[in-house]
2 protein chains.
Amino acid sequence: MLLDDDPAQSDRTRDALTASQLYYLQDLTMEAIAQELHTSRSSVSRLLSHARATGLVDIQIRSPLDAPSRLEQEIQARYGVTAHVVPVSDRANDVDRLERVALSVARILGQYFDSNMIMGIAWGSTMSAISRHITPKPTHNSQIVQLNGAGNMSTTGLGYASEILGRFGNAFGAHVQQFPVPAFFDDPLTRQALWRERSMARLIEMQGRMDVALFGLGSPFSEVPSHVYAGGYLDPDDFDALNRDGVVGDVATVFFRADGSTGGIPLNERGTGPDFAVLQRTPRRICVVSGNSKLPSLRGALCADLITDLFLDEGTARALVATP
Amino acid sequence: MLLDDDPAQSDRTRDALTASQLYYLQDLTMEAIAQELHTSRSSVSRLLSHARATGLVDIQIRSPLDAPSRLEQEIQARYGVTAHVVPVSDRANDVDRLERVALSVARILGQYFDSNMIMGIAWGSTMSAISRHITPKPTHNSQIVQLNGAGNMSTTGLGYASEILGRFGNAFGAHVQQFPVPAFFDDPLTRQALWRERSMARLIEMQGRMDVALFGLGSPFSEVPSHVYAGGYLDPDDFDALNRDGVVGDVATVFFRADGSTGGIPLNERGTGPDFAVLQRTPRRICVVSGNSKLPSLRGALCADLITDLFLDEGTARALVATP
DNA sequence: TCACTCCTTGCACGTATGTGCAATCCGACT
DNA sequence: AGTCGGATTGCACATACGTGCAAGGAGTGA
């Protein structure tokens with residue numbers, strides 16, 4: 001839980017609050033604050049870090065009412081999505097890009113999620129990176145729901161995915177709905193059967209009611225394969241099949257082609273991600289992408305109308321608009 | 001005007017935006033940002049200052065949903081106003097207190113004012129201090145309206161007060177309505193006559209529609225007399241009269257007694273401030289107080305139900321609740 | 001074109017801030 | 001009571017940051 005029920009923490013929080021007011025609203029130096037609080041300057045430094053990390057201090061950047069960058073305008077015009085281009089040095093490698101885009105998203109995610117909302121989230125390296133940096137924001141009666149199963153041949157998936165889920169839930173004080181199924185069933189019939197279970201039906205119903213969906217993109221045939229493709233969720237036969245079917249990527253382990261279509265891809269019959277129709281009904285659909293290698297996948301996702309808000313690094317944004 | 005229409009400024013703003021994202025969202029050092037922006041570290045430092053000063057970067061402090069301090073709760077319970085206690089060292093003098101409370105208010109004022117609103121503001125040392133530090137916030141179609149005249153025997157008041165007004169208007173990109181009359185007429189009839197003028201009527205009508213009122217408190221009989229009492233607006237006879245009438249303070253040059261009453265105070269017939277009934281109809285009435293010497297005045301203003309939101313320094317807050 | 005002014009830049013310096021480390025405090029369990 | 005582990009503190013150092021100053025640049029008017 002996020003709230004400090006611990007009375008010992010309460011003092012710390014109160015001090016952090018005071019320190020923040022003195023530092024950010026009155027421009028005192030940490031030295032001066034230390035005196036007022038009867039502690040050492042370094043403790044004040046730590047208090048302030050704590051205040052920022054817990055979301056007590058909230059730093060927002062507001063583009064002067066409009067003035068989206070040329071790139072953002074261009075993307076808006078061509079694809080009808082609100083783009084947020086994250087400035088990243090051109091010579092940063094893909095890992096850095098991912099990390100920096102994720103960090104930026106983590107810091108402003110609170111602007112999209114509030115009390116009484118349901119947020120669906122996928123899992124994967126992008127989501128993992130985001131989860132590690134979210135600035136907390138207290139909410140009431142809100143829920144985080146997992147979009148797709150995460151088990152594979154070797155584990156039930158309750159480690160990796162639930163760690164991500166947990167961090168989101170924790171940061172927002174939200175209730176977490178896990179999805180304790182494998183990413184792919186061996187037999188489509190198992191899925192059909194399980195989906196009729198009331199516990200599963202309830203969860204899927206909840207996915208249908210979500211207010212925000214947050215996801216990265218998978219891209220099977222790129223140099224940097226995403227988690228799904230490296231984690232033992234698929235075997236070589238599956239891969240070949242995807243290739244034959246013309247798949248360019250996936251969202252929450254639902255595969256799609258360059259034109260955004262998902263029909264006739266057998267693997268989807270065994271997968272556990274939400275039907276794209278469900279996503280399309282979600283009011284806000286936030287996609288986080290970094291690295292040129294995900295471009296084909298991104299194009300497909302845009303065709304499929306999966307995205308309302310797109311976060312991507314500058315290089316990828318440029319590449320996206322560089323084609324006719 | 002606040003908006004950068006100047007295309008030269010546009011570059012600077014864009015850079016400031018990028019720098020802010022890199023600094024506040026991605027935790028890069030200024031050194032690193034300097035490299036990405038092909039400039040020097042010190043320029044980045046200046047860019048970031050600029051970004052904060054222009055409200056491009058907005059730092060908010062959110063009390064964890066509730067957890068108002070004991071003092072704030074106590075004041076809320078006893079007087080029914082939302083209190084915001086500004087932490088200030090106990091051994092700060094009155095000037096420092098005023099400055100620090102004003103700074104705090106200036107930084108968060110934007111949370112109370114938005115597009116399409118009308119804000120009425122008084123003038124005086126408190127308002128002046130606030131005006132010098134407001135963090136800008138762009139708004140549309142909003143208005144700042146002066147609550148009371150500011151002329152006196154020696155000047156028309158278009159210097160001091162309009163400077164304050166101007167800074168508010170500038171910070172919010174709001175249209176400014178000045179009130180070009182003296183603080184007090186010599187003859188009540190002059191006021192009556194002038195109030196019938198259409199230009200004045202329009203202004204007074206606008207005061208009646210304001211969404212926010214912002215004011216400090218005057219306290220005639222304290223060690224630190226406020227601007228009204230030191231600036232040559234009143235002569236010794238007036239002072240004696242106020243004393244006899246049991247006046248403890250004023251809001252926008254409208255005087256009141258300890259019980260909040262204003263009736264039967266002759267000077268009010270000649271003054272130009274808004275009738276308290278007008279203030280009481282205003283949805284949000286923000287009062288800024290600092291220094292124990294204003295306590296009697298504050299008590300009166302509370303009795304008069306002039307305040308919905310009260311900002312005051314810690315020491316004054318303690319003194320306020322220290323009485324039965 | 002030149003001279004003048006105002007604004008911006010980078011440098012250099014001093015101050016302010018972040019953080020590894022050892023000492024200390026605190027609570028818990030034996 | 002004793003002792004153990006984890007968290008918190010202050011110190012000291014390294015780094016990051018803000019700012020006066022002089023140099024450079026852009027614009028203006030003669």
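Note: hydrogens, waters and symmetry copies are ignored here, and every other heavy atom, side chains too, is used. Residue numbers start from 1 in every chain, and the chains themselves are labelled A, B, ... in the order their sequence lines are given, proteins ahead of strands. What you are looking at is a predicted structure, and each value in this text was computed from that prediction instead of being measured.
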No-hydrogen, no-angle side-chain donor-acceptor test under 3.5 Å, B:Tyr24 and A:Arg52: no
B:Leu47 CG to D:dC17 C1', in whole Å, measures 14 Å
No-hydrogen, no-angle side-chain donor-acceptor test under 3.5 Å, B:Thr18 and B:Arg14: no
First encountered from the 5' end of DNA chain C, between A:Arg46 and A:Glu31: A:Glu31
Once you round it to whole Å, what is the distance between C1' of D:dT15 and CG of B:Asp27? 16 Å
Provide, to the nearest angstrom, the distance between the CG atom belonging to B:Leu48 and the P atom belonging to C:dT9. 14 Å
Is there a side-chain contact between A:Asp27 and B:Arg107 (heavy atoms, below 4.5 Å)? yes
Sugar-phosphate, base or nothing in reach of B:Ser43, heavy atoms under 4.0 Å: sugar-phosphate
Need one value for A:Ser42: base, sugar-phosphate or nothing, where a base atom within 4.0 Å counts as base even if backbone is also close, heavy atoms only. base
Just the rounded figure in Å: distance from P of C:dA16 to CD1 of A:Ile33. 12 Å
Side chain B:Thr316, main chain B:Gly291, donor-acceptor under 3.5 Å: yes
If the cut-off is 4.0 Å, is B:Tyr23 near the phosphate of D:dC17, judged by side-chain N/O to OP1 or OP2? yes
Does a nitrogen or oxygen in the side chain of B:Ser40 sit under 4.0 Å from OP1 or OP2 of C:dT9? no
Measure from CZ on A:Arg12 to C1' on D:dA7 and round the result to the nearest Å. 10 Å
I need the CG-P distance between B:Leu37 and C:dT8, as an integer number of Å. 16 Å
Over all strands shown, is A:Thr39 touching base, sugar-phosphate only, or nothing at heavy-atom distances under 4.0 angstrom? sugar-phosphate
If you compare every side-chain N and O of A:Arg52 against the phosphate oxygens of C:dG18 (OP1, OP2), does one of them come in below 4.0 Å? yes
When the nearest nucleotide of DNA chain C is assigned to A:Ser49 and to B:Arg41 on a heavy-atom basis, which residue is associated with the more 5' position? B:Arg41
In whole Å, what is the span from the CG atom of A:Leu28 to the C1' atom of D:dG18? 17 Å
Quick one: sort the B:His84 and B:Phe311 rings into parallel, tilted or perpendicular, breaks at 30° and 60°. parallel
To the nearest Å, how far apart are B:Met30 CE and D:dT19 P? 10 Å
